[in-house]
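One structure is given below, encoded as structure tokens.
Chain A is the first sequence line, chain B the second, and so forth, proteins listed ahead of strands; every chain is numbered from 1.
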There are 2 protein chains.
Amino acid sequence: MSIRTGSRESPEMYLKSIYQLGVGDAPVPISTLSNRLGISPVSATEMIHRMEKRRLVKHIPYKGVSLTKRGLKQALAVLRRHRLWERFLTDRLGLPWEQVHDVACSLEHSVGPEVTEPLAADLGEPATCPHGNPIPTAEGEMPSERGLRLHELSAGQRAVVDVIRPENAEILEHLASHGVTLGAELELIEIEPLDGARTISVGSKQVVIGKELASCVVVHPIHA
Amino acid sequence: MSIRTGSRESPEMYLKSIYQLGVGDAPVPISTLSNRLGISPVSATEMIHRMEKRRLVKHIPYKGVSLTKRGLKQALAVLRRHRLWERFLTDRLGLPWEQVHDVACSLEHSVGPEVTEPLAADLGEPATCPHGNPIPTAEGEMPSERGLRLHELSAGQRAVVDVIRPENAEILEHLASHGVTLGAELELIEIEPLDGARTISVGSKQVVIGKELASCVVVHPIHA
DNA sequence: CTTAGGTTTAAGGTGTACCTTATAATAACT
DNA sequence: AGTTATTATAAGGTACACCTTAAACCTAAG
């Protein structure tokens with residue numbers, strides 16, 4: 001009847017964020033991190049120090065943070081749990097696409113492999129979360145997830161939507177309302193000068209989305 | 001991307017324990033509570049004070065704690081989540097009977113009705129947890145759970161096991177290894193003097209279990 | 001009615017995870 | 001090289017949930 005959960009909650013969020021913000025092996029600036037987590041830079045620095053003592057991250061002053069081998073392993077484990085729970089919530093409970101992310105965020109810290117592995121089995125060892133992101137393997141391998149971003153397309157190119165990231169309810173709803181959903185086929189019509197907003201055609205409609213938003217959409221090009 | 005879970009974890013454990021330790025409307029002594037939770041009486045008193053401010057419990061000094069209407073409602077909600085997760089873990093993931101309690105203990109604090117109600121639906125609105133305990137309704141009603149305890153039987157009486165409580169892995173495993181499982185039919189053979197250990201026959205075997213342990217087993221008598 | 005034992009309050013501490021304000025150090029740009 | 005902006009550290013605080021030790025208090029039992 002122990003009561004302690006041993007608040008591994010926050011550090012896990014840091015790990016996940018560092019992993020997701022990291023491009024290649026470049027260290028993630030603490031400001032970027034604190035920004036994403038909605039935490040003051042000072043507090044984030046403190047936390048990073050604590051995590052460094054536990055050998056989860058390496059901090060290069062004035063450069064940023066990167067994950068150690070241990071940290072990476074743990075980050076991928078959290079990510080796996082997160083995405084499996086998302087699948088569970090949509091596939092088994094029928095919760096809507098846009099809502100599952102937040103719920104999965106609280107579930108991901110609550111259980112270990114003794115639950116997530118049977119869960120993965122029950123779900124049929126899915127390869128991706130409902131938003132199309134790949135699920136790390138139980139062994140801690142991340143399937144390559146390099147795709148083209150919508151804003152990297154050039155005018156006239158056709159492509160299919162693979163992933164939408166980050167899994168923010170607002171973003172997901174907005175894109176969905178414009179017809180940009182997983183598997184949707186689209187064509188890039190025009191790139192606006194200055195702002196770089198993209199005009200794309202989806203189905204029979206034409207919609208305009210900003211460059212930032214476009215960069216949330218991962219696609220693979222198809223031959224027109 | 002909020003990071004705060006708003007540690008409702010511990011208070012919820014207190015609520016659950018108070019509910020489960022409470023017999024009728026008698027207040028639960030803080031020592032009993034602190035004992036169950038493995039926490040010092042001083043700390044428990046502190047927590048009770050905090051919870052009193054939030055109008056979750058009423059503390060009568062030197063008597064004990066009882067739940068307010070709000071506290072009761074919340075306790076039953078936690079219990080519902082707990083027992084639904086237990087069902088999920090056994091029915092859907094095939095985890096063993098004796099292990100699901102601890103896992104459910106961490107899951108029960110992570111999600112609200114937006115998840116547990118669809119979960120209940122998916123599980124077929126079960127009425128009891130895998131250990132036989134009744135699941136409170138979504139409206140916060142607790143189905144009556146008064147049964148006879150094994151130690152209340154007299155020699156010669158036959159009965160069927162309905163519930164085992166508390167859901168402690170050690171207890172569950174020990175009883176199971178003696179053939180005392182849900183639905184098992186048993187007969188009380190003899191009550192040992194002084195200690196009050198019970199000799200019972202289960203299946204074709206005779207086993208002896210202590211009085212304390214016997215009180216964990218809820219049964220309903222049958223006509224021999 | 002007194003006293004032993006359980007209960008409560010008080011006082012001081014720990015560790016985690018956040019906050020603000022202010023100062024120091026560095027990097028990067030002109 | 002000097003200034004600016006970012007980044008880090010220092011100092012002091014809050015809140016939660018636990019801890020110990022010690023003193024005050026009540027209750028119930030002899």
If you restrict it to nitrogen or oxygen atoms, what contacts under 3.5 Å exist between nucleotides 24-30 of chain C and the protein, and what is each distance?
{"from": "C:dA25", "atom 1": "N3", "to": "A:Tyr62", "atom 2": "OH", "distance (Å)": "3.4"}

Sequence neighbours excluded, which residues qualify as side-chain contact (heavy atoms from CB on, under 4.5 Å) partners of [X]?
X: A:Thr199; result: A:Ile189, A:Glu190, A:Gln206, A:Val208
X: A:Glu46; result: A:Arg50
X: A:Pro61; result: none
X: B:Val163; result: B:Asn133, B:Arg165, B:Val218

Below 4.0 Å: OP1/OP2 of C:dT16 and any side-chain N or O of A:Ser10: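 No, because none of the side-chain N or O atoms of A:Ser10 sits under 4.0 Å from OP1 or OP2 of C:dT16.
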Please determine if a side-chain N or O atom of A:Arg50 lies less than 4.0 Å away from the OP1 or OP2 oxygen of C:dT16.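 Answer is no, no contact under 4.0 Å.
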Salt bridge (charged side-chain N to carboxylate O under 4.0 Å, His left out) involving B:Arg81 - partner list, sequence neighbours excluded: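 Salt bridge (charged side-chain N to carboxylate O under 4.0 Å, His left out) list for B:Arg81, sorted by chain: B:Glu12.
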Let me know the distance between [atom1] of [X] and [atom2] of [N], rounded to the nearest Å.
X: B:Lys53; N: D:dA15; atom1: NZ; atom2: C1'; answer: 11 Å
X: A:Met13; N: C:dA17; atom1: CE; atom2: P; answer: 13 Å
X: B:Ile39; N: C:dT14; atom1: CD1; atom2: P; answer: 20 Å
X: B:Asn35; N: C:dT7; atom1: CG; atom2: P; answer: 10 Å
X: B:Leu56; N: D:dC16; atom1: CG; atom2: C1'; answer: 15 Å
X: B:Tyr14; N: D:dA17; atom1: OH; atom2: C1'; answer: 8 Å

Check whether any side-chain heavy atom of B:Val161 sits under 4.5 Å from a side-chain heavy atom of B:Leu175, and report yes or no.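 Not touching, per the 4.5 Å side-chain cut-off.
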Where at least one partner belongs to residues 86-98 of chain A, residue pairs that pass salt bridge (Lys or Arg N to Asp or Glu O under 4.0 Å), sequence neighbours excluded: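 Residue pairs passing salt bridge (Lys or Arg N to Asp or Glu O under 4.0 Å), neighbours aside: A:Arg87-A:Asp91, A:Arg92-A:Asp122.
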All ring pair (Phe, Tyr, Trp, His ring centres under 6.0 Å) counterparts of B:His151, not counting sequence neighbours: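 B:His151 satisfies ring pair (Phe, Tyr, Trp, His ring centres under 6.0 Å) with no residue once adjacent residues are dropped.
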Mark yes when over 12 heavy atoms from residues, nucleotides or ligands other than B:Arg55 sit less than 6.0 Å from its CZ; otherwise mark no.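 Open.
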Can you sort out which residues in residues 42-49 of chain B have a heavy atom within less than 4.0 Å of DNA chain D? Ascending by number, please.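 Correct list: B:Val42, B:Ser43, B:Glu46, B:Met47.
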Which of these nucleotides, D:dA8, D:dA17, D:dT7, is closest to any side-chain atom of A:Ser31?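 The nucleotide sitting nearest to the side chain is D:dT7.
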If each of A:Thr32 and B:Pro41 is mapped to the nucleotide of DNA chain D with the nearest heavy atom, which maps nearer the 5' terminus, i.e. the 5' end?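 The answer here is A:Thr32.
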